[in-house]
Number of protein chains: 2
Amino acid sequence: MNIGIVGGGQLGRMLALAGIPLNMRFSFLDPAIDACAAALGEHICAAYDDQKALRQLGESVDLVTFEFENVPAETVDFLAQFVPVFPSGAALRVARDRLLEKSLFQELGIPTPTFANALSQQELDAAVQRIGLPAVLKTRTLGYDGKGQKVLRNPAEVVCAFADLGQVPCILEGFVPFNGEVSLIAVRGRDGETRSYPLIHNQHEGGILRQSLVSSAHPLQALAEDYARRVLDKLDYVGVLAFEFFEVDGGLKANEIAPRVHNSGHLSIEGSECSQFENHLRAIAGLPLGSVAKTGESAMLNCIGSVPSTAQVAGIAGAHLHHYGKAFKPGRKVGHITLCASDKDRLEARLAAALSLVEPSA
Amino acid sequence: MNIGIVGGGQLGRMLALAGIPLNMRFSFLDPAIDACAAALGEHICAAYDDQKALRQLGESVDLVTFEFENVPAETVDFLAQFVPVFPSGAALRVARDRLLEKSLFQELGIPTPTFANALSQQELDAAVQRIGLPAVLKTRTLGYDGKGQKVLRNPAEVVCAFADLGQVPCILEGFVPFNGEVSLIAVRGRDGETRSYPLIHNQHEGGILRQSLVSSAHPLQALAEDYARRVLDKLDYVGVLAFEFFEVDGGLKANEIAPRVHNSGHLSIEGSECSQFENHLRAIAGLPLGSVAKTGESAMLNCIGSVPSTAQVAGIAGAHLHHYGKAFKPGRKVGHITLCASDKDRLEARLAAALSLVEPSA
């Protein structure tokens, strides 16, 4: 089976590593000459709105998926003329727009932070009146890793906020004093079957995911799965969907969804019976879904800016290095380390050892 | 790190799948246009004695290894002028010649079947007198998957046996009425550290490995490890070495060694903390070795001639398909399925389900 992937970064790379043993072949559409997935398939090096390239991709593969949702809606519609696209353009349209996303949560009875549309400074001012401060102003589309957002703590910060984010459509969200952040990686097959991995505890630093830890029998697991299923069924979704929640007072508030495999699910490669990458491929290819059960305790640590030496990582028991083969740049995700162990104490020790490698004392 | 691999079949393919996340890049020397590892690196399509190609390989990588030991000794010596080669030419020379191999076992006090050199029909006749029948005549080099050998049960079968195997140097081995066949996958680092995976029970059919099952606390584990260590240290071996034994009367008789990752070790991808593929790469790259501990119960089933549909395999819980992307041909290894489970009963049921796919009732 030939699979086209829009985007050729590390998510595409790990999808291909999971799919090659299933006899899948991959073509990546990515404008970057050095797209790191290119080593694992064909690379169509072109812009996401290049119709000639899109047609080339669409006509050469059996289906198309995404490792990157920030593509123009027209791209998806254009591709869909030639080839099945999973998840659908309708699902992507919702997931890439914070207003449509939060409105969907609301419609489905899933708690969210309070929010309001802000298409101008005037609307923002009105929204601040209603929601209060502190609040977070976010661009409706194209945000990632903390980019495209601004925390508003006091009235002075509100004044130029709309201009600061580039005068693009925004959403204002009430600030949620959360106890923790968790994500649920769920997958839905073409036949509607849905499976959810154990909830994952996440820690962000500067807006970028720093580390993830798989949970054991989290009391909110069933609730999170219920929320995810509402969204998946409503969107007739096919593939992996990542659902980020704030833990608030023993409940969950939906933060956002990502219509793709997700950084917080990377630990599923070693930590689950079937990884999020293989399950996404199984789903879009119409295959039976794989087990989402965990195989032991696991945690993931992102390598941001640089990757420690392979020898150092290999020296930690239960550590698995995933080097993305990308050029090192400050703030760029260039690899991750998964730590596995049979019990929590061992995992903690291994995670601490790995942390000492990615955060060398200055 | 750039790694050259002599041979571009499924072993090279799985080495690359293990090495890419460690930021390794691969070049494969293989005369087959459709070498199935080629999708994962550079493919130098040339004969194993093509000096121009060998120089190209040697000059473009940091070190060279093998997925295939039946290459001329001159190939290894030639490559070694340009680049470190692991395992060494000396180790390969012993492992590819059944007489040198068995002589080494004898020298190191490792029990083997009785054997004798047979360089002519006359020597074969004399060897049969000494060893008796039944016995197995094998070509000293280039044998694999039951090819290059002939069981001699009665004097009539001895008459033309030497000519039947092509009048090449042979070895006659006394037939061993064994209770079972086991293999030990061992790995030795550049620093001499050695680790051994749990013994694996193997079943062959028509000379080809059909299925493997990882053992639990096998009573002969320590003995097998002791034998393997003698060979590894004697050869100053670097990399994975597979050691095949016959189980005979509560002891072991050494059958043969393979100086590379081995079919019976494929279950280590999912069944061990660090696979034989990653550990081979760690060893030759001078990295700390990974854990050889098993993560649960596992078994492997070879797909010979054809691979069942991905949907059928994906429908079995705990099944992991490894399709090699090779053309289907009778008798050819074209894939394998690993079954994983938390206990033996579940594993048996999953293995039975997989067996029903690869052996459809005719």
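No experiment lies behind these values; they were computed from the predicted model shown. Lettering of chains follows the sequences in order, A, B, ..., and the numbering in each one begins at 1.
At a 4.5 Å heavy-atom cutoff, the contact between Ala319(A) and chain B is made by backbone atoms alone. Only the backbone of Ala39(B) comes within contact range of chain A, with at least one heavy atom under 4.5 Å from a heavy atom of that chain. With a 4.5 angstrom heavy-atom cutoff, Ala285(B) does not touch chain A via any of its atoms.
Most heavy-atom pairs under 4.5 Å with chain A: of the set Arg282(B), Gln10(B), His320(B), Gln312(B), this distinction falls to Arg282(B). Interface remark: of the candidates Ile316(A), Leu40(A), Ile20(A), Thr295(A), Ile20(A) forms the most heavy-atom pairs closer than 4.5 Å to chain B. Chain A forms the most heavy-atom pairs under 4.5 Å with one residue out of Val313(B), Leu289(B), Leu321(B), and that residue is Leu321(B).
Side-chain rings of Phe86(A) and His280(A) stay apart, their centers remaining 6.0 Å or farther from each other.
Between Ser27(A) and Leu57(A) the shortest side-chain heavy-atom distance falls below 4.5 Å.
Using a cut-off of 4.0 Å between Lys/Arg side-chain N and Asp/Glu carboxylate O, Glu193(B) and Arg195(B) are scored as salt-bridged.
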### Task
Kindly determine whether Ser306(A) and Lys329(A) satisfy side chain to side chain donor-acceptor pair (under 3.5 Å), including the steps that lead there.
CA-CA 7 Å; Ser306(A) 68; Lys329(A) 261 192 237 174; over 6 Å; no
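A side-chain donor-acceptor contact under 3.5 Å links Thr338(A) and Glu270(A).
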